[in-house]
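Here the structure is laid out as structure tokens; the discussion comes afterwards.
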Amino acid sequence: MMKFADLIEQNLEELATLESLDCGKLFNYNKSIDIPGVAATLRYYAGAADKIHGQVLKMSREFQGYTLLEPIGVVGHIIPWNFPSTMFFAKVSPALAAGCTIVLKPAEQTPLTALFYAHLAKQAGIPDGVLNVVTGFGPTAGAAISSHMDINMVCFTGSTETGREVMKAAAMSNLKPVSLELGGKSPLIIFDDADIEMATDLALTGILFNKGEICVASSRVYVQEGIYDEFVNTLVEKAKAWVVGDPFDPQVCQGPQVDKTQFDKILSYIEHGKREGGTLLTGGNSVGNKGYYIEPTIFTDVNEDMLIFKDEIFGPVMALMKFKTMEEGIAKANNTKYGLAAGIVTKDLNVANTVSRSIRAGIIWINCYLVFDRDCPYGGYKMSGFGRDLGLEALHKYLQVKSVITPIYNSPWL
């Protein structure tokens with residue numbers, strides 16, 4: 001695993017280029033953050049591989065017991081197209097460290113880096129058959145992984161609808177355990193005492209990062225009424241200055257959507273928002289005559305019956321709303337079938353503590369947003385799924401607990 005990480009760093013430029021060509025991610029970000037980050041994730045779990053220990057059990061009778069943590073076996077991984085490298089290693093690294101073998105299907109839109117990583121794994125000396133990359137489409141290759149009788153666990157990141165199908169297939173086959181990281185409609189709650197510059201930066205980055213193609217996007221932004229007008233003016237000004245264009249241009253903030261299907265889906269949601277009575281503050285259009293570029297788009301006057309409020313759009317589209325009290329903000333934040341992430345912007349520690357404990361979501365960011373770390377578990381509540389990636393929770397996800405018990409005779413203690 002350490003050698004694998006070294007090879008990734010040696011091929012940094014090529015991997016960053018493939019990632020941008022495949023899904024429109026910013027080249028500079030790939031080169032400085034994503035690709036170095038996956039090498040660091042590999043090393044983190046490599047360091048954990050020889051620290052997998054069971055427990056000695058204090059039995060109540062004349063027996064001694066202990067637990068073993070054993071690899072769950074063959075793990076099927078089905079990963080999405082929005083963060084191909086990051087998702088590859090969030091799944092593969094802990095599974096390898098746990099001693100599992102892997103069959104991984106990348107998204108059909110973005111197979112290039114996965115295939116290159118398989119090549120590097122072979123160069124690193126990972127034995128044949130341990131890390132297998134199988135390209136294909138969801139209804140064929142993905143369905144085969146989910147229903148295969150010789151795959152012992154399946155991990156999926158993607159839409160809630162597809163997650164249901166994966167879970168059904170797992171149940172109908174060998175009842176394999178499932179880990180699902182699914183959709184989100186994450187709230188960002190901004191209180192009257194917030195710093196406007198910081199709050200607008202967090203809100204804008206939260207929805208526009210990776211062109212909005214991120215499960216934890218801050219797609220529902222709630223601003224307390226005392227600063228709402230000032231917030232709107234600053235936010236719109238910053239959104240209009242956001243540069244959309246070629247992901248290989250270092251001046252660009254946002255590249256193209258991954259493909260025409262996603263491009264058309266986002267534009268159709270924008271039209272829904274207009275028809276349902278939302279007020280378009282800025283954006284709402286495609287950019288240029290070539291490629292799948294969309295303007296940063298901000299709606300206000302959004303109510304909770306609108307599609308742009310309820311559905312995960314997975315694009316650069318924000319629903320901006322106001323609230324009066326902390327209790328109202330909490331209620332509005334929780335009014336969703338999803339529970340992946342949430343953000344809070346306030347200088348009041350009591351507010352931050354109360355709100356963070358009240359929102360049903362897997363990760364809560366206070367005065368920050370989109371902060372991930374290999375040591376911090378990540379996953380959802382409600383229809384955002386279950387199971388955790390990253391952190392030691394992810395390592396233990398790929399381990400079975402076996403209890404071993406033997407009689408003990410004439411022991412001076414029990």
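The basis for the numbers below is simple: all heavy atoms, side chains too, and nothing from hydrogens, waters or symmetry mates.
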Notebook entry, point to check: Relative to Y292, does K260 satisfy both conditions: NZ or CZ under 6.0 angstrom from the six-membered ring centre, and within 45 degrees of the ring's axis?
Noted result: no
Next item on the list: State, yes or no, whether a side-chain contact exists between H272 and M306 at a heavy-atom distance under 4.5 Å.
Entry: no
Checklist line | Within-4.5 Å side-chain heavy-atom neighbours: L15 and N30 | finding: no
Margin query: Is the distance from the ring center of Y228 to that of Y222 below 6.0 Å?
Written below: no
Note to self: So, using ring-ring contact (aromatic ring centres under 6.0 Å, His included) as the criterion, who are the partners of F231 when residues are at least two apart?
What the structure shows: none
Note to self: Does R275 have more than 12 heavy atoms from other residues, nucleotides or ligands lying within 6.0 Å of its CZ?
What the structure shows: yes
Margin query: The test is salt bridge (Lys or Arg N to Asp or Glu O under 4.0 Å); show your working for E328 and K322 and say whether it passes.
Written below: CA-CA 10 Å; E328 183 189 1; K322 74 171 69 169; over 6 Å; no
Check: Between F314 and C215, which heavy-atom pair has the shortest distance, and what is it?
Finding: CE1-N, 3.6 Å
Check: Less than 4.5 Å apart, any side-chain heavy atom of F116 and any of N11?
Finding: yes
Item checked: ring-ring contact (aromatic ring centres under 6.0 Å, His included) partners of W242, counting only residues at least two apart -> none
Next item on the list: State, to 0.1 Å, how close K25 and S20 come at their nearest heavy-atom pair, and which atoms those are.
Entry: O-OG, 2.8 Å
Margin query: On a heavy-atom basis, which atom in I207 and which in G315 lie closest, and how many Å separate them?
Written below: CD1-O, 3.8 Å
Margin query: Counting C-beta onward and ignoring hydrogens, is there a side-chain heavy-atom pair between I270 and I294 closer than 4.5 Å?
Written below: yes
Next item on the list: Could you tell me whether R164 and E161 have a side-chain N and a carboxylate O separated by less than 4.0 Å?
Entry: no
Next item on the list: Give the ring-plane orientation class for F88 versus Y117, where under 30° counts as parallel, over 60° as perpendicular and anything between as tilted.
Entry: tilted
Next item on the list: Please say whether more than 12 non-hydrogen atoms of neighbouring residues, nucleotides or ligands are located less than 6.0 Å from CZ in F137.
Entry: no
Next item on the list: Give the C-alpha distance, both sets of side-chain angles, the deciding distance and a yes or no for side chain to side chain contact (heavy atoms under 4.5 Å, CB included) between I214 and L370.
Entry: CA-CA 10 Å; I214 180 168; L370 300 177; 3.8 Å; yes
Notebook entry, point to check: Between E14, E13, E9, which is the residue that forms a salt bridge (charged side-chain N to carboxylate O under 4.0 Å, His left out) with K31?
Noted result: E13
Check: Taking atom CD1 of I189 and atom CE of M326, what is their separation to the nearest 0.5 Å?
Finding: 10.0 Å
Note to self: Could you measure the distance from the CG atom of N174 to the CG atom of D150? Nearest 0.5 Å is fine.
What the structure shows: 8.0 Å
Note to self: Rounded to the nearest 0.5 Å, what separates atom CD in Q400 from atom SG in C100?
What the structure shows: 9.0 Å
Notebook entry, point to check: What is the minimum heavy-atom distance between A194 and V345, and which atoms define it?
Noted result: CB-CG1, 3.6 Å
Next item on the list: Please step through side chain to side chain contact (heavy atoms under 4.5 Å, CB included) for the pair F299 and D301, ending with a clear verdict.
Entry: CA-CA 7 Å; F299 279 98; D301 299 321; over 6 Å; no
Notebook entry, point to check: Hey, are the side chains of M87 and P80 touching, using non-hydrogen atoms and a 4.5 Å cut-off?
Noted result: yes
Checklist line | Non-hydrogen atoms of A114 and V133 that approach each other most closely | finding: O-CG2, 3.7 Å
Notebook entry, point to check: Between D311 and K185, does at least one N-O distance fall below 4.0 Å, as a salt bridge requires?
Noted result: no
Next item on the list: Run the ring-centre check on F4 versus F89 and record whether the distance is less than 6.0 Å.
Entry: yes
Next item on the list: Output the distance between atom OG1 (T325) and atom CD (E225), rounded to the nearest 0.5 Å.
Entry: 9.0 Å
Item checked: Check: P111 and D22 side chains under 4.5 Å, non-hydrogen atoms -> yes
Checklist line | More than 12 heavy atoms of other groups within 6.0 Å of Q123 CD | finding: yes
Margin query: With a 4.5 Å cut-off on side-chain heavy atoms, are L12 and P36 touching?
Written below: yes
Notebook entry, point to check: Hey, are E304 and K332 close enough for a salt bridge, meaning a charged N less than 4.0 Å from a carboxylate O?
Noted result: yes
Check: Given Y293 and N285, is the side chain to side chain contact (heavy atoms under 4.5 Å, CB included) satisfied, shown in steps?
Finding: CA-CA 9 Å; Y293 300 92; N285 301 302; over 6 Å; no
Next item on the list: Report yes if the side chains of Y369 and F209 come closer than 4.5 Å at any heavy-atom pair, otherwise no.
Entry: no
Checklist line | Straight-line distance of E181 CD to F156 CZ, nearest 0.5 Å | finding: 9.5 Å
Item checked: Ion pair check, D259 and K265, cut-off under 4.0 Å -> no
Next item on the list: May I ask you to check whether over 12 heavy atoms, not counting those of K290, lie within 6.0 Å of atom NZ?
Entry: no
Notebook entry, point to check: How long is the gap from OG on S173 to NE2 on H148, to the nearest 0.5 Å?
Noted result: 10.0 Å
Item checked: Closest non-hydrogen atom pair between A95 and I102, with its separation -> CB-CD1, 3.8 Å
Check: Backbone N or O of M318 within a donor-acceptor pair of the S219 side chain at under 3.5 Å?
Finding: no
Notebook entry, point to check: Can you list every pair that meets salt bridge (charged side-chain N to carboxylate O under 4.0 Å, His left out) and has a residue in residues 84-107, with sequence neighbours left out?
Noted result: K91-D389, K105-E108
